[in-house]
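The structure appears below as structure tokens.
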Amino acid sequence: MNIVVGSKNPAKVEAVREILQDYPHLKDADVVGVDVASGVSDQPMSLEEITLGAMNRAKAAFADADYAVGIEAGFMPVPNSKSGYMNVCAAAIYDGSETHFGLSSGFETPDREIMRLVVEDGFSLDKAANQAGLTTDPKIGSNEGVSGILTKGKVTRKEYTKQAL
């Protein structure tokens, strides 16, 4: 069985590989990541944009696959939260005819400067986290992720992605 992930981000591809181990009929699948466009902004700012990006990635990655997986994270408006937004991850699994979705838990970015950079200046979360001094890792989203920093490693980018899967 071939499963293609619409990303070469190691955290996303490894999340798919690991989650498949829980399913006997999928645990021996070949999993590969491919670069595909999400068709949405680099920093999605609504649940609609996040799920559309995940779906677009899954459909674009589907060639020569039994299943394709698209994963997209971004911010969605959340009333009564301090920043007005929470970050969530969406996973879309496409089987050639239907798309099936899952969502992760959400988290609020407590650093006001990070959210100002995202909302007002249009930075991606990774770039904003670097600019604000939360991290010096320019590829934080491919490694532990901002969620990993905020949770002191308890919910890394890979674990956050697995929740959505």
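This is a predicted model, so every value here is computed, not measured.
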Taking atom CG of Asn130 and atom OG1 of Thr135, what is their separation to the nearest 0.5 Å?
-> 5.5 Å

Is a side-chain N or O of Tyr23 found less than 3.5 angstrom from the main chain of His25, in a donor-acceptor match?
-> no

Nearest heavy-atom approach of Pro44 to Glu72 is CG-OE2, 3.5 Å

Shortest non-hydrogen contact between Lys139 and Asp137, atoms and distance = N-OD1, 2.8 Å

Would you say Tyr94 and Leu52 are hydrophobically clustered, going by side-chain heavy atoms of ILVMFWY under 4.5 Å?
-> no

Nearest 0.5 Å, what's the CG-CG distance between Leu165 and Leu103?
-> 11.0 Å

Do other residues, nucleotides or ligands put more than 12 heavy atoms under 6.0 Å from Asp22 CG?
-> yes

Would a hydrophobic clustering, with Ile, Leu, Val, Met, Phe, Trp and Tyr connected at side-chain separations under 4.5 Å, put Val13 with Leu20?
-> yes

Work out which heavy atom in Ala90 is nearest to a heavy atom in Ile50; give both atom names and the distance.
-> CB-CG2, 3.6 Å

Under a 4.5 Å cut-off applied to non-hydrogen side-chain atoms, are Glu113 and Leu117 in contact?
-> yes

Hey, any chance Leu125 and Leu47 share a hydrophobic cluster, counting ILVMFWY side chains that come within less than 4.5 Å of each other, even indirectly?
-> yes

Yes or no on side-chain contact (heavy atoms from CB on, under 4.5 Å) for Val4 and Phe62, after CA distance, side-chain angles and deciding distance?
-> CA-CA 7 Å; Val4 180; Phe62 187 71; over 6 Å; no

Strictly by modelled atom types, are Asn2 and Asp66 linked by a side-chain donor-acceptor pair under 3.5 Å?
-> no

Look only at the side chain of Ser147 and the backbone of Val155, and say whether a donor-acceptor pair between them is shorter than 3.5 Å.
-> yes

Does Val78 offer a backbone N or O that forms a donor-acceptor pair with the side chain of Ser81 under 3.5 Å?
-> yes

So, for Ala11 and Gly141, which heavy atoms are closest and what is the spacing to 0.1 Å?
-> CB-O, 4.3 Å

Donor-acceptor under 3.5 Å (Arg57 side chain, Val69 main chain) | no

Note, His100 side chain near Asp95 side chain (heavy atom, < 4.5 Å) | yes

Drop me the distance from Glu108's CD to Phe75's CZ, to the nearest 0.5 angstrom.
-> 9.5 Å

Phe107, Val118: one ILVMFWY side-chain cluster at the under-4.5 Å cut-off?
-> yes

Met76 and Ser46: side-chain contact (heavy atoms from CB on, under 4.5 Å), yes or no, with the steps?
-> CA-CA 4 Å; Met76 64 180 210; Ser46 70; 5.7 Å; no

Verify the cluster assignment for Tyr85 and Ile149: are they in a single hydrophobic cluster under the rule of side-chain heavy atoms below 4.5 Å apart?
-> yes

Spell out, as yes or no, whether a donor-acceptor pair under 3.5 Å connects the side chain of Glu49 to the backbone of Val40.
-> no

Rounded to the nearest 0.5 Å, how far does OG1 of Thr109 lie from NZ of Lys82?
-> 12.0 Å

Looking only at heavy atoms, what is the nearest atom pair of Val88 and Gly106, with distance?
-> CG1-CA, 3.7 Å

Is there a donor-acceptor contact under 3.5 Å from the side chain of Gln21 to the main chain of Lys27?
-> yes

Stacked cation flag Lys127 on Phe123, 6.0 angstrom / 45 deg | yes

Take atom CZ of Arg116 as the centre, draw a 6.0 Å sphere, and report whether it contains more than 12 heavy atoms from other residues, nucleotides or ligands.
-> yes

Any chance the side chains of Asn87 and Tyr160 put a donor and an acceptor closer than 3.5 Å?
-> yes

When you look at Phe101 and Met55, which way does the side-chain contact (heavy atoms from CB on, under 4.5 Å) test go after all the steps?
-> CA-CA 8 Å; Phe101 287 99; Met55 181 177 66; 3.9 Å; yes

Over all heavy atoms of both residues, which pair between Ala68 and Ala58 is shortest? Give the atoms and the distance, please.
-> CB-O, 3.1 Å

Output the distance between atom NZ (Lys162) and atom CZ (Arg17), rounded to the nearest 0.5 Å.
-> 13.0 Å

Any side-chain donor paired with an acceptor under 3.5 Å for Ser124 and Gln43?
-> no

Any side-chain heavy-atom pair of Val36 and Ser7 under 4.5 Å | no

Test side-chain contact (heavy atoms from CB on, under 4.5 Å) applied to Leu26 and Met1, step by step = CA-CA 8 Å; Leu26 299 172; Met1 178 172 294; 3.3 Å; yes

Which value, rounded to the nearest 0.5 Å, describes the distance between Cys89 atom SG and Arg157 atom CZ?
-> 6.0 Å

Around Glu48, counting heavy atoms of other residues, nucleotides and ligands shown, do more than 12 lie under 6.0 Å from its CD?
-> no

